[in-house]
Amino acid sequence: MTNHEIAAVFEQIADLLEFQGANPFRVRAYRNVARTVHDQTESVADIAADEKRSLSDLEGIGKDLADKIRTLVQTGSLPMLDELRAEVPESVLAILRVPGLGPKRAAQLFHELHVATLEDLRTACESHRVQVLKGFGAKTEAAILQGLGIAAEAEQRILWAEAEEHVEEILAHMGKCRAVQQISVAGSYRRGKETVGDLDFLVVARDVETAMDHFGIFHGVASVLARGPTKMSIRLSAGVQVDLRAVEAKSFGAAMQYFTGSKEHNIILRGRAKALGLKINEYGVFRGEKVIAGRTEEEVYGCLDLPCFPPELREARREFDWAEAGELPKLLEVGDIRGDLHDHSTWTDGQASIEQMAAAAKQRGHKYLAITDHSKRVTMVNGLDAKRILEQWAEIDRLNKRLEGITLLKGVEVDILERGGLDLPDDVLAQADWVVASVHYGHQQSRQQITARVIEALENPYVASIGHPTGRMLLRRKAYEIDMDAVMRAARQHGKMLELNAHPMRLDLDDVACAAAKSLGVPVVIATDAHAVEGLDAMRFGVLQARRGGLTKQDVANTRTWPQLKKMIGKPGQKT
DNA sequence: GCCGTTTTCGGCCCGACTGTTTTCAGTCG
């Protein structure tokens, strides 16, 4: 059972308990265990099976939850969850996702109107049975009807890269308002989460009303959801909710800290403040009535004797421990990257010639670029057989003589075949500078089968790294399932690297997988998988995820020079 | 349900906004 699956079970228990009106702190305990398990870099099932180790050593897991995890991984089910499901139909959980409906009201609808599904809810609203309930009214009923449409829309989160476009536009728009003195983006976007649910902006304005009016006329606005003296919420026609909060300059740092989150990070921070006799809110740090900080985030964290954490690390994982031990990692930066190691050209499905790609890579400051076109198994894109790839490499040799300031690497993205084995013979692979091995077919195979194929590829002496190893596609059903723990261990054993595919929709080594690679000492390759020159710009998305995983320059292979990287590959017959 | 250099019981972050309320509960982040 994967950490992800275990976490999902506890998350569902939390939802069901919340619906039943359980003690909110008990609900939080279940949410916490879900998050803790999800964020673990090792397999929690393995920890549970290891007699020498105790699950209750993990943060927020006591005896009861440890027992429940063990039961779950040993039997594949949990009596408590079965009981809860018997009491509450699972379909009611969808109702909790309707904006404006929380556990209390959802339970009231369920008990008084027998509303168990979104369909029931719509019918109840349309026949105006909802507005007569105590605590509800005509406006609430109308709001629910509107919210139903939103809940029905597919997953409400958007890719970070898409969020970035909205953010830039909104910043540009607000920048034109003369009442705006300062504006910044906070929230999960600032933390670099791979997907973003909504956007949060903080504004310091000479005149808040004018700033809010200006916010309301942004061209992408579909509706204004709420507007008060300090906060305004809109929904963009793209579906994204955007909040604007007006703060005073003397509170700007406190507000940035507060609204950047994460929520869990803030809970720990405020708990610590309380223990020191302080109070933190979005206005500042207070000792009694007296404000002692607030203008900058550095001041706020400084009051608690903490460093100003990079936003990417504010997830209530290890950051407080690191800070206390003075071991906060110096995170990787985009400027540390020296080259891109997974790129395509017009020889297969790329849109730019090798020469165009080289020029674009050089322009982006890269010192080397691996051309890794597909091998012949990928017939749809005219994948290269041995003859054509040798021709391509001869072409690259010729280009390298002409090019200045950038080195092209003779690479290939060799397919890991359905039956195992690679799509090109070893004597061809031996002539490559850089071999990426990837799965593109046989996605329907079992997890064990696909894992075995990938591990076999890691055993090949000429393979340097695995391309998009998890096969994950964000906001879509995942392409295939793989045992990443086993793949990581095999990579370590054979001295191989794993690719963090930086395509904004892939980011297939997520932050937790990055942290796992780091803890095992498996070097991560951040590569864009560019099929056009613009694709090379995706590097920053990969770097952002790597930062969230706590990776430093040292942990990432393509911060090295090509000669250094060559030594790391250590191919047979190539004395290093 | 977890947790403890105040505590094994009694806490558990904190405030804004909305709607239905005559003083506040529910929801949200």
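In the text below, chain A, chain B and the rest are named by the order of the sequence lines, each starting its count at 1.
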Discussion item. For DNA chain B, which residues of residues 26-50 of chain A approach it to below 4.0 angstrom with any heavy atom?
Written reply: R26(A), R28(A), A29(A), Y30(A)

Discussion item. Could you tell me how far dG10(B) sits from dG15(B) if I compare only their C1' atoms? Round to whole Å.
Written reply: 24 Å

Response to the item:
Closest of dG19(B), dA16(B), dT27(B) to the K139(A) side chain is dG19(B)

Discussion item. Suppose you measure atom C1' in dT5(B) against the same atom in dG1(B); what distance do you get, rounded to whole Å?
Written reply: 24 Å

Fill in: Separation between the C1' atoms of dC12(B) and dT6(B), rounded to whole Å
15 Å

Item to complete: Give the nucleotide from the list dG29(B), dG1(B), dT27(B) with an atom nearest to the side chain of K104(A).
Response: dT27(B)

Worksheet item: If the P atom of dG11(B) is compared with that of dA16(B), how far apart are they to the nearest Å?
Response: 24 Å

Worksheet item: Using atom C1' of each nucleotide, how far apart are dG19(B) and dT7(B) to the nearest Å?
Response: 40 Å

Worksheet entry | Base paired to dT8(B) (Watson-Crick or G-U; both N/O distances under 3.5 angstrom) | none

Worksheet, complete the sentence: The nucleotide from dC2(B), dG29(B), dT27(B) with an atom nearest the side chain of D200(A) is dG29(B)

Fill in: C1'-based separation of dT21(B) from dT27(B) [nearest Å]
16 Å

Worksheet item: Taking only side-chain nitrogens and oxygens of K134(A), does any of them come within less than 4.0 Å of OP1 or OP2 of dA25(B)?
Response: no

Worksheet item: So among R317(A), E319(A), R191(A), which one has a side chain to side chain donor-acceptor pair (under 3.5 Å) with H265(A)?
Response: E319(A)

Worksheet item: Under 4.0 Å between a Lys/Arg side-chain N and an Asp/Glu carboxylate O for R472(A) and D508(A)?
Response: no

Worksheet item: Where the side chain of K274(A) is concerned, which of dC17(B), dC14(B), dC2(B) is the nearest nucleotide?
Response: dC14(B)

Item to complete: Classify the angle between the aromatic ring planes of H214(A) and H173(A) as parallel (below 30°), tilted (30 to 60°) or perpendicular (above 60°).
Response: parallel

Practice prompt. Check step by step if ring-ring contact (aromatic ring centres under 6.0 Å, His included) holds for F110(A) and F19(A).
Written response: CA-CA 10 Å; F110(A) 179 61; F19(A) 183 83; 5.6 Å; yes

Worksheet entry | Distance, rounded to the nearest Å, where I144(A) contributes CD1 and dT20(B) contributes C1' | 13 Å

Discussion item. Measure CD/Q241(A) against C1'/dC17(B) and give the value in whole Å, please.
Written reply: 12 Å

Response to the item:
Residues in residues 281-308 of chain A with a heavy atom under 4.0 Å of DNA chain B, by number, are N281(A), E282(A), Y283(A)

Item to complete: Choose from dC14(B), dG1(B), dC17(B) the nucleotide whose nearest atom is closest to any side-chain atom of A226(A).
Response: dC17(B)

Worksheet item: For residues 252-273 of chain A, which residues have at least one heavy atom under 4.0 Å from DNA chain B?
Response: Y258(A), K263(A), I267(A), R270(A)

Worksheet entry | Nearest-Å distance for atom pair CG/C1', residues L133(A) and dG26(B) | 14 Å

Worksheet entry | Whichever of T230(A) and R245(A) has its nearest DNA chain B nucleotide further upstream toward 5' | T230(A)

Worksheet item: In whole Å, what is the span from the CD1 atom of I61(A) to the C1' atom of dC2(B)?
Response: 11 Å

Discussion item. Can you say whether a donor on the side chain of N23(A) sits under 3.5 Å from an acceptor on the base of dG1(B), or the other way round?
Written reply: yes

Worksheet item: Can you tell me how far P of dC13(B) sits from CG of L278(A), to the nearest Å?
Response: 16 Å

Item to complete: Grab the CZ-P distance between R105(A) and dT18(B) for me, whole Å please.
Response: 13 Å

Item to complete: Would you give the length of the straight line joining atom CD of E264(A) to atom CG of N32(A), rounded to the nearest 0.5 angstrom?
Response: 7.0 Å

Discussion item. Using the C1' atom as the point on both nucleotides, what is the distance between dC28(B) and dC13(B), in whole Å?
Written reply: 14 Å

Response to the item:
Taken to the nearest whole Å, CD/E18(A) to P/dG26(B) is 13 Å

Item to complete: Identify, between K63(A) and G137(A), the residue whose nearest nucleotide on DNA chain B lies closer to the 5' end.
Response: K63(A)

Fill in: Integer-rounded Å distance: dA16(B) P and L202(A) CG
14 Å

Discussion item. Can you tell me if T140(A) touches the phosphate of dT20(B), counting only side-chain N or O atoms and a distance under 4.0 Å to OP1 or OP2?
Written reply: yes

Discussion item. Is it true that D120(A) and T117(A) share a donor-acceptor pair across their side chains at a distance under 3.5 Å?
Written reply: yes

